[in-house]
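Report on the following structure.
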Amino acid sequence: MDNLKVMYEEEELQKRIKEVAEQIDKDYEGTDEIVIISVLKGAIFFTVDLVKKMKTPITLEVMQVSSYTGTESTGNIIVKKDLDNSIEGKNVLIVEDIIDSGRTLKYLKEYLQTKNPKSVKIAVLMDKKERRIVDIDVDYTGFVIPNKFIVGYGFDYDEKGRNIPYVGYLE
Ligand code: IMP
Ligand code: MG
């Protein structure tokens, strides 16, 4: 991809993800299971690296909730792929690649809360804090980033560039 500048190298990503994993393990100490809900497609990369660094036992669910075309959020949120198993009474951790307006995660958290889990927390790799439109608490954040469009390590530009191993930004 042309015009892609490095924002975070692979090593920086892994170092920070390790710290986040350690924080999660600390907070959930003694918990027998966390249900990780990875939000397709972008969060796959972060989810894999995060859970491999965690010691707390997990089960894994994947959901797909939003469509995002080009660089603009549509604001239309639908559940494209739902949970396979009940989360009733479970400790749930949503793992998402990025929070931007916050609409996706706000919708998803409220949706999951209707399924009566014991708890629902959110982990994101990237937070475009200045872009927030709706009010939503994030429990674990990898990096707070400026308002630039990022590509690589799961982040796509019209579905392209997800497998670039570092996080770059378009100029
Ligand atoms: P939100 O609902 O506005 O918070 O949007 C979150 C979604 O927007 C993420 O799941 C991404 O799919 C997408 N997104 C936001 N910023 C970027 C970016 O810089 N690169 C790639 N996808 C992005
Ligand atoms: Mg996404």
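For reference, positions follow the sequence shown, starting with 1. Both ligands and their constituent atoms are indexed starting at 1 by order of listing.
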Would you verify whether the NZ or CZ of K121 falls within 45 degrees of the ring axis of Y28 while also being under 6.0 Å from that six-membered ring's centre?
yes
Looking only at heavy atoms of G42, does any of them come nearer than 4.0 Å to an atom of ligand 1?
no
Would you indicate whether the side-chain heavy atoms of F46 and V124 approach each other to under 4.5 Å?
no
Check salt bridge (charged side-chain N to carboxylate O under 4.0 Å, His left out) between E130 and all other residues, then give those that pass, not counting sequence neighbours.
none
Name the option, out of D100, D127, V167, V124, that contains the heavy atom nearest to atom 5 (O) of ligand 1.
D100
For E61 and D84, indicate whether the former's side chain and the latter's backbone hold a donor-acceptor pair under 3.5 Å.
yes
Answer yes or no for K128: is there a heavy-atom contact with ligand 1 below 4.0 Å?
yes
Closer than 4.0 angstrom, basic N to acidic O: yes or no for D100 and R131?
yes
Any N or O of S101 closer than 3.5 Å to N or O of ligand 1
yes
Within the 4.0 Å heavy-atom cut-off, what E96 brings close to ligand 1 is side chain
So is M126 close enough to ligand 1, meaning a heavy atom under 4.0 angstrom away?
no
Quick test of your reading of the structure: of I150, I99, T104, whose heavy atom lies closest to atom 2 (O) of ligand 1?
T104
Heavy-atom proximity to atom 22 (N) of ligand 1, best of F149, Y169, Y107
F149
Honestly, for D97 the part within reach of ligand 1 (heavy atoms, under 4.0 Å) is side chain
With a 4.5 Å limit on heavy-atom distance, are the side chains of L93 and I37 in contact?
no
Go through ligand 1 atom by atom and flag the ones less than 4.0 Å from a non-hydrogen atom of D156.
21 (C)
On a heavy-atom basis, I'd like to know which of G102, G152, G161, A43 is closest to atom 4 (O) of ligand 1.
G102
Under a 4.0 angstrom heavy-atom cut-off, which atoms of ligand 1 come close to K148?
19 (O)
Can you confirm whether F149 sits close enough to Y157 that some side-chain heavy atom of one is under 4.5 Å from a side-chain heavy atom of the other?
yes
Could you list all the ring pair (Phe, Tyr, Trp, His ring centres under 6.0 Å) pairs where at least one residue sits in residues 99-142, not counting sequence neighbours?
none
